[in-house]
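Convention: sequence-line order gives letters A, B, ...; per-chain numbering from 1.
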Amino acid sequence: MTGETHQPEAESASSQASSDAQTMDKRFDPASYEAAWQRRWSDANLFCCPTTDASGEPFCVLIPPPNVTGKLHMGHALQSALQDLMVRWRRMQGYNALWLPGTDHAGIATQLMVERQLESEGSSRIELGREKFEERMWEWKQTYHSNIRDQLERLGSSCDWSRERFTLDEGLNLAVRTAFVRMYREGLIYRGEYMVNWSPILGTAISDLEVEMKSVQGKLYHIAYPLEGEDGSLVVATTRPETMLGDMAVAAHPEDERYRHLIGQNAILPLIGRKLPIIADEHVDPEFGTGLVKITPFHDLNDYEMASRHGIGGLRVIDFDGRMTSEAGPEFEGLDRFEARAKVLDRLREAELLKDVVDHVHNVGHSQRSGEPVEPMVSDQWFCNMDQVAERALRAVETDELELHPPTWNKTWRHWLENIRPWVISRQLWWGHRVPAWYDPDGNCHVAMTREEAAELAGTDELRQDDDVLDTWFSSGLWPLSTLGWPDEDAPDLKTFYPTSVLITGFDILFFWVARMVMMGLQFSDQVPFRAVHLTGLVRDAKGEKMSKTKGNTLDPLELVEEYGADAVRFTLCALDTPGRDIPLDPQRMAGYRAFGNKIWNATRFALTRLQEESAGGADRGENRGGDLEVSHSSQLGDPERWILSRLTDTIETVNRKFEDYRFDEACGALHGFFWHELCDWYIELCKPALSGDAPRPDVEKTLVYVLDQSLRLLHPVMPHLTEEVWQRLPEEARDTEFLAVASYPTARTDWRDERLEAEFEGIQQLVTWLRAQRKERGLGAKVPMRLFLEGGDDTHRVVLDNAPLISHLARLESIEVGPGPERATRDLIAGIEVAAEIDAPDEGPELKERLRKELAGVEKELGNARGRLGNEQFLSKAPEHVVEGVRARLAELEERQAVLLKELGDD
RNA sequence: GGGCGUGUAGCUCAGCUUGGUCAGAGCAUCUGCCUUACAAGCAGAGGGUCGGGGGUUCGAGUCCCUCCACGCCCACCA
C-alpha cells in the first residue's frame, strides 16, 4: 500500500492536505506507489461492474485473450494500454465500463510448448497418453494464466477479474458445442474428404490462414512420359517429381494444337507403368513449361480439382507423416518425401527420361507454426462454410454498423470476405475443444450436445467420440458471445453489454479472429459483436525492425515497467499509436515520458508546498480551494488565470474528441504539451510572484489547484498510478470521490475559452522570449539589468501593461515604460508592438548582426512573395476575402519588420 | 498477378479526409544557467526547396497522373 512507503497519512485519502504535502518525497519513484495502487483499486472493487442496478450506460471492451503459451510481449502491452485508456476514460465519464479479461488455450502453440517440455524430460505425449497429457496441459495453463494476470495488473489494467474467462472453460465449451451443433444442423458444418493443408511435423490439418507462402528457389523438371502403343513420348514439367508416383492423368489445354490429337489416348507413367489418360482442361496454361501437366489428384489442389472434373480418382502416395506409402511402390515406400524426390530423379536419369532441369522460383506454402512445407492432402476433416454470413459481415462494414479504424482496412476486409472458402475446423491435436460428434459401431456419425444425446440419436451406448479437437479460432470466434453468457439468451451480461463497444487488437489477426467473431456474432445473435475495431500496428524496435527472439531485439514489458514505471510505458505506447502505422519503440522516448511523470510529480509538489506555506501563515482559507471555480470565473480572475483556464478548456475539448476518434497519439500530444509547456512553463512561473507575495491571492491558488486537479483527471486514463498518487494529496476540497479512478472526467466549458486573450498571451510569450534572447545573443547572464520601452501607439500596450509585473518577473526587467527608449536601445516589432530594450552591455556581437541579416533576407523574400500575390489580379478576384486580407496584414507586418531590421543593421 | 501502405528537420514520426497562419513535435545537436517544484530541470539557438517529374488551381506536403525506393497483405501456373 501507499502507506508502506509514504507513512500512514497517505494511507487515508481524507487526511489533512498539509501532512500530505509533507510526505511528498522530493524523489519521483514510480516503483514506490504503482503496485500499492493496483492493490488498493482492487481491494476497493472499483472495476467490478454490476450488471443489474447499474447506473450509467454500458461500455464494454473484451480483451483479445493472450495465449497461455508464455509471457506478454510488447504488442499485448500496447493493446492493454489502449484498452485500459478507453475503459478508464469511459468509467470516469460515468459509463458502467467493463473490461473483461481472459486467456486463450491456443491449441497448437501451447501443445507444442508442453510437448517440448516433455521432450526435455525424456518423455512424450504419446508415452503419457491423452488423459495424462491433458492433465499436464491444465497445469501449464494454470501457471501461465496467472503469470498473464500478474503482468496485466502490473501495467495497471483495470480489468474486472471477477469475470475472467478462459477459452477452454466450461462456459466456452458449452458455447462451442452449441454453435457446432446448430451449424451442423443447418448444414454449415459438415464432415468430408477434401484437399486440405497438412503439416507433417504437427501431424494435423491447418487452415489456409495458417499457411504462409514463401518464395522458394526450386527446379522445374521436364520428364518424358512414353505414349501407349506408339513411339514417342510426352514431356511434362513439374516442381515435385516425387508426386509422379501418384499420377493419374496428363492434361493439356483443349486449344493447344501440339497435343490436341493426343487427347483421349494414354501415356505410360515411368517407374510405375500405370496407364494415364490424356485429358484436356482449360486450367492448363499452354505457355508454361511444356504445356502439359501431370495430374496427381491427392497431392495437389489444382490436380485434385481437375481430376474431379474428369471423374478421375486418386492415390495417396505420401502419408500423413510425410513419408511415401506403399502405393508409391516398394522401392519408395517409407522414404521421406524429399528423399523420395532424389531417388525418383535418379531413376528417371537412369532411364533417360529426365529431359531437362531448369531453375525456377515458385511459391511454396509453409506451415506458419512449424515452418516446414505444407503437404496438400486429401483427408477426412470437419469444415465450416461461412459464405452467407461472410456476406453479412461484409455488409456490416459497408453500412457502418461496424467501423474499422483506420478505414483503410475496409478494402482488405472486403477482399477477404468475398473470397472466403470453407474453413477446416478440425485439428488432430489433444489440446482443445473436442468435436462433439460420436460414432456408433457402424461408423455412423452423431453430432450432439452430449454423449447421452448422441446415444439417444444412435440408439446405442456403444459410441466413440471423435478424436479431433476444434481450431482454436473456432472458440475465440465465439469470445464476445460466450464471455457474456451465451448461449443463454437471457444472460444479464449479454443483455447489458452485447454488442460490445470497441475491440482493440492487432491487424495481424483481422481474419483469424476479428472476421470470425463478426461472422459468429451475426450467425448467432444477428448483431455485430462490437461497434468498432481499432487496429494497432506492430511494435518494432527503435530502428523500426521487427522484434524477434532470434534477432534478440525484443523488449519485455515488465522490464520496461521496472525501469521506467508502468505509466511511462503506457504513455509511450499510447503516444506512438498512430493509426495504420507500426510503432518504433525507442527506450529513449520512454525515458522522456518518465521525465514527464517527474514533471507532474514536481509541479504538484510545488503547488502543495506553496499552499502549505500559506496555511502555515495562519490564513484558514481551506474551503476556498479547489471548489466551485466557475462561479468566480469571469472578470474577477486575472489574465493569467483566465488564460490557463482557456487553454485547459481547449485541452479538455481536444482530448475528449481525440479519444472518441481513437487518436490516442494526438490526445497524448495535447496532454503533454498542455501540462508541460503551458501549465508548467508559463502558468506556474506566472504564479510564483502571487504565491510568494505578502498579499494572499486565493484566486491564484484556487486556479492552480483547479487546473492541477483537472489535468490529473485528464491524464488518469493514460497514467493512472501517478495521477492517483498525486491527486490524493490535493486539498480535500478538490476531491469529490475516494479515488481518482472513479472521479468524473473533465468536460469542456466552452464559455471559458477566450481566443482573444490567448492571442494576447501569445504576444506576451513572444515578448518574453525576445527579451530573453536579447541577453542571450549578447552572451550576457540573466542578471544583467534590462529595461523595456513600449514605443508604439498605446492601444497595443494594454495586455503588456496590465501584466507588467509578470513580464518583468519572467524576463527579469528592471522596468517597463511607455515612450521612446534611448537611442542605443535595441528595437523590434513583437506581436505588433514596437518595443525597445536597453541593456547595459558592450556592443552586440557579430553573430547578432549575422542573424539579423539572415532574417532580413527572409523577410525580403517573403515580402516579394506577398507583393507578387497582391499584384496578381487572379488572386485578388478568386481568393476568398479573408485570405486576401491575411496577406495584406502580413505585408504590413513584413514592411514594419523590414524597417526595424534595416534600422538595427544600419548603425554600422 | 492483384490489393494496401510508407517516403516531411541528424533520428522516430504528426500534418494530407475538408488546398491558403503547417512547415510542426519529441529525441539528438549547439550555447548559457544548480533562477529555492523539477539538472529526469530551466533559458536560448541552429536545422527541412515536405522522394523525383508532370498536371489541376490565383495558390499544393495537402488534389490528380507518372516514375523511383522501401514495407506489408492476398493469390491453386504445375
Side-chain angles (χ1 to χ4, degrees), chain A residues 24 26-28 195 208 213 220 236-240 243 251 283-285 287-290 292-296 300-306 360 362-363 365 376 406-409 411-412 414-416 419 507-508 510-511 538 540 542-544 546 564 568 575-576 578 580-586 588-589 591-610 663 665-666 669 672-673 677 680-681 684-685 688 692 768-769 772-777 779-783 812 847 851 854 869 872-880 882-884 886-887 889-890:
Chain A
M24 208 154 166
K26 196 176 168 185
R27 207 169 65 100
F28 165 64
M195 185 64 83
D208 296 344
M213 295 309 260
L220 194 58
V236 300
T238 181
T239 52
R240 297 197 60 193
T243 62
H283 179 263
V284 181
D285 176 3
E287 305 293 313
F288 188 86
T290 60
L292 286 174
V293 183
K294 61 186 220 41
I295 305 295
T296 318
D300 183 278
L301 179 60
N302 287 313
D303 292 5
Y304 180 74
E305 286 176 352
M306 267 193 273
H360 179 59
H362 61 139
N363 291 324
T408 46
W409 288 104
K411 272 199 176 175
T412 313
R414 160 189 281 282
H415 184 257
W416 192 73
N419 296 289
F507 69 88
D508 51 324
L510 184 62
F511 304 134
L538 207 67
R540 295 168 176 275
K543 285 181 236 148
K546 209 165 167 172
Y564 301 101
L576 290 175
T578 301
R581 214 169 168 124
D582 285 344
I583 291 145
L585 193 60
D586 187 347
Q588 263 191 317
R589 182 128 183 181
Y593 290 125
R594 181 186 51 186
F596 181 47
N598 181 55
K599 196 74 182 172
I600 295 168
W601 180 267
N602 279 295
T604 314
R605 199 161 66 84
F606 165 80
L608 295 181
T609 311
R610 292 309 162 107
R663 287 308 301 262
D665 57 333
E666 293 189 343
H672 183 267
H677 301 300
C680 292
D681 287 355
I684 287 187
E685 292 308 318
K688 283 180 176 172
S692 60
V768 170
T769 300
R772 286 167 176 163
Q774 294 316 303
R775 283 203 187 87
K776 182 82 185 172
E777 282 173 344
L780 301 173
K783 285 165 190 154
R812 302 199 175 208
E847 306 90 19
R851 188 184 68 70
K854 219 168 154 186
R869 292 171 79 186
N872 181 339
E873 272 309 316
Q874 298 272 37
F875 175 68
L876 293 177
S877 59
K878 289 187 180 170
H882 74 273
V883 172
V884 177
V887 175
R890 181 70 185 147

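The gap from the P atom of B:rG26 to that of B:rU17 amounts to 25 Å, rounded to the nearest Å. B:rG19 and B:rC27 are spaced 31 Å apart, taking the C1' atom of each and rounding to whole Å. Taking atom P on both B:rU66 and B:rC73, the two are 25 Å apart, rounded to the nearest angstrom. Across the P atoms, B:rG3 and B:rG48 are found 39 Å apart, a figure rounded to whole Å. Across the P atoms, B:rC13 and B:rC72 are found 15 Å apart, a figure rounded to whole Å. For the P atoms, the distance from B:rU8 to B:rG55 is 24 Å, rounded to whole Å. Separating the C1' atom of B:rA23 from that of B:rG5 is a span of 23 Å, rounded to the nearest Å. A gap of 25 Å separates the C1' atoms of B:rU29 and B:rU35, to the nearest Å.
The shortest heavy-atom contact between A:Arg663 and A:Thr578 is NH2-CG2, 4.2 Å. Across A:Gly580 and A:Pro406, no two heavy atoms sit closer than the pair N-CG, 3.6 Å. When all heavy atoms of A:Thr290 and A:Ala237 are compared, the closest pair comes out as OG1-N, 3.9 Å. Among all heavy-atom pairs drawn from A:Val293 and A:Val236, the shortest one is C-CG1, 4.5 Å. Heavy atoms only, all atoms of each residue included: A:Thr296 and A:Asp303 are closest at N-OD2, 2.7 Å. Shortest non-hydrogen contact noted between A:Met306 and A:Ala251 is SD-CB, 4.3 Å.
Under the side chain to side chain contact (heavy atoms under 4.5 Å, CB included) criterion, A:Ala591 pairs with A:Tyr564, A:Arg594, sequence neighbours left out. With sequence neighbours left out, A:Tyr304 forms a ring pair (Phe, Tyr, Trp, His ring centres under 6.0 Å) with no residue at all.
Side-chain atoms of A:Asp582 come within 3.5 Å of backbone atoms of A:Leu538 as a donor-acceptor pair (strictly under, hydrogens ignored). Side chain of A:Asp586 to backbone of A:Ala542: no donor-acceptor contact under 3.5 angstrom is found.
Base engagement by A:Asp285 is indicated by at least one non-hydrogen atom pair under 4.0 Å involving a base atom. Within the nucleic acid shown, A:Thr296 has no heavy atom closer than 4.0 Å to any nucleic acid atom. Among the atoms of the strands shown, none is found under 4.0 Å from any heavy atom of A:Glu287. No engagement by A:Val887 is indicated, since no non-hydrogen atom pair under 4.0 Å with the nucleic acid exists.
Toward the 5' end of RNA chain B, the nearer of the two residues A:His360 and A:Asp208, judged by each one's closest nucleotide, is A:Asp208. Nearest-nucleotide mapping onto RNA chain B: of A:Arg772 and A:Phe507, the residue sitting toward the 5' end is A:Arg772.
In this structure, A:Thr609 OG1 and A:Phe606 CZ are separated by 8.0 Å, a value rounded to the nearest 0.5 Å. Between atom NE2 of residue A:His672 and atom CD1 of residue A:Ile600 there is a gap of 8.5 Å, rounded to the nearest 0.5 Å.
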Legend entry - From CA spacing to verdict: side-chain contact (heavy atoms from CB on, under 4.5 Å), A:Arg812, A:Arg772: CA-CA 8 Å; A:Arg812 302 199 175 208; A:Arg772 286 167 176 163; over 6 Å; no

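B:rG61 adopts a syn glycosidic conformation, its chi angle falling within 90° of 0.
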Inset, instruction - Summarise protein proximity over nucleotides 17-26 of chain B in one line of letters, 5' to 3': B for base, S for sugar-phosphate only, - for none, counting protein heavy atoms closer than 4.0 Å. - result: ---B-----S

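Between A:His415 and A:Phe511, the ring centre distance reaches or exceeds 6.0 Å.
Side-chain polar atoms of A:Asn602 and A:Arg605 form a donor-acceptor pair below 3.5 angstrom.
Secondary-structure stems of RNA chain B, taken as three or more successive Watson-Crick or G-U wobble pairs (i with j, i+1 with j-1) under a 3.5 Å distance threshold, comprise B:1-7 with B:68-74, B:10-13 with B:24-27, B:29-33 with B:41-45, B:51-55 with B:63-67.
Remark: A:Lys599 fails to qualify as a cation-pi partner of A:Phe28 under the 6.0 Å distance and 45° angle criteria applied to the six-membered ring.
Distances shown here put every side-chain N or O of A:His415 at or beyond 4.0 Å from the OP1 or OP2 atom of B:rA75. Of the side-chain N and O atoms in A:Arg663, one or more sit less than 4.0 angstrom from OP1 or OP2 of B:rG15.
Atom P of nucleotide B:rC27 and atom OH of A:Tyr564 are separated by 14 Å, given to the nearest angstrom. Whole-Å rounding puts the A:Met306 CE to B:rA78 C1' distance at 7 Å. If you take CZ of A:Phe596 and P of B:rC38, they are 18 Å apart, rounded to a whole angstrom. When the C1' atom of B:rA75 is taken as reference, atom NE2 of A:His362 falls 16 Å away, rounded to whole Å. Protein atom CE of A:Met213 is 7 Å distant from nucleotide atom C1' of B:rA75, rounded to whole Å. The CG-C1' distance, from A:Asp586 to B:rU12, rounds to 7 Å in whole Å. Atom C1' of nucleotide B:rG71 and atom CG of A:Asp508 are separated by 15 Å, given to the nearest angstrom. When rounded to the nearest whole Å, the span between CD1 of A:Ile583 and C1' of B:rA14 equals 14 Å.
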Please list, pair by pair, any protein nitrogen or oxygen found under 3.5 Å from a nitrogen or oxygen in nucleotides 30-37 of chain B.
residue: B:rU31; atom: O2; partner: A:Lys776; partner atom: NZ; Å: 2.5
residue: B:rG32; atom: O4'; partner: A:Lys776; partner atom: NZ; Å: 3.2
residue: B:rG32; atom: N9; partner: A:Lys776; partner atom: NZ; Å: 3.4
residue: B:rU35; atom: O4'; partner: A:Arg812; partner atom: NH2; Å: 3.4
residue: B:rA37; atom: OP1; partner: A:Lys688; partner atom: NZ; Å: 3.3
residue: B:rA37; atom: OP2; partner: A:Arg610; partner atom: NH2; Å: 2.6
residue: B:rA37; atom: O3'; partner: A:Arg605; partner atom: NH2; Å: 3.4
residue: B:rA37; atom: O2'; partner: A:Asn602; partner atom: OD1; Å: 2.7
residue: B:rA37; atom: O2'; partner: A:Arg605; partner atom: NH2; Å: 2.7
residue: B:rA37; atom: N7; partner: A:Lys688; partner atom: NZ; Å: 3.3
residue: B:rA37; atom: N6; partner: A:Cys680; partner atom: O; Å: 3.4
residue: B:rA37; atom: N6; partner: A:Glu685; partner atom: OE2; Å: 3.2
residue: B:rA37; atom: N3; partner: A:Asn602; partner atom: O; Å: 3.2
residue: B:rA37; atom: N3; partner: A:Ala603; partner atom: N; Å: 3.3

What's touching nucleotides 4-8 of chain B from the protein side, N or O pairs under 3.5 Å?
residue: B:rC4; atom: OP1; partner: A:Lys411; partner atom: NZ; Å: 2.7
residue: B:rU6; atom: O3'; partner: A:Arg581; partner atom: NH1; Å: 3.2

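Among the nucleotides B:rU12, B:rA28, B:rA78, the one closest to the side chain of A:Gln588 is B:rA28.
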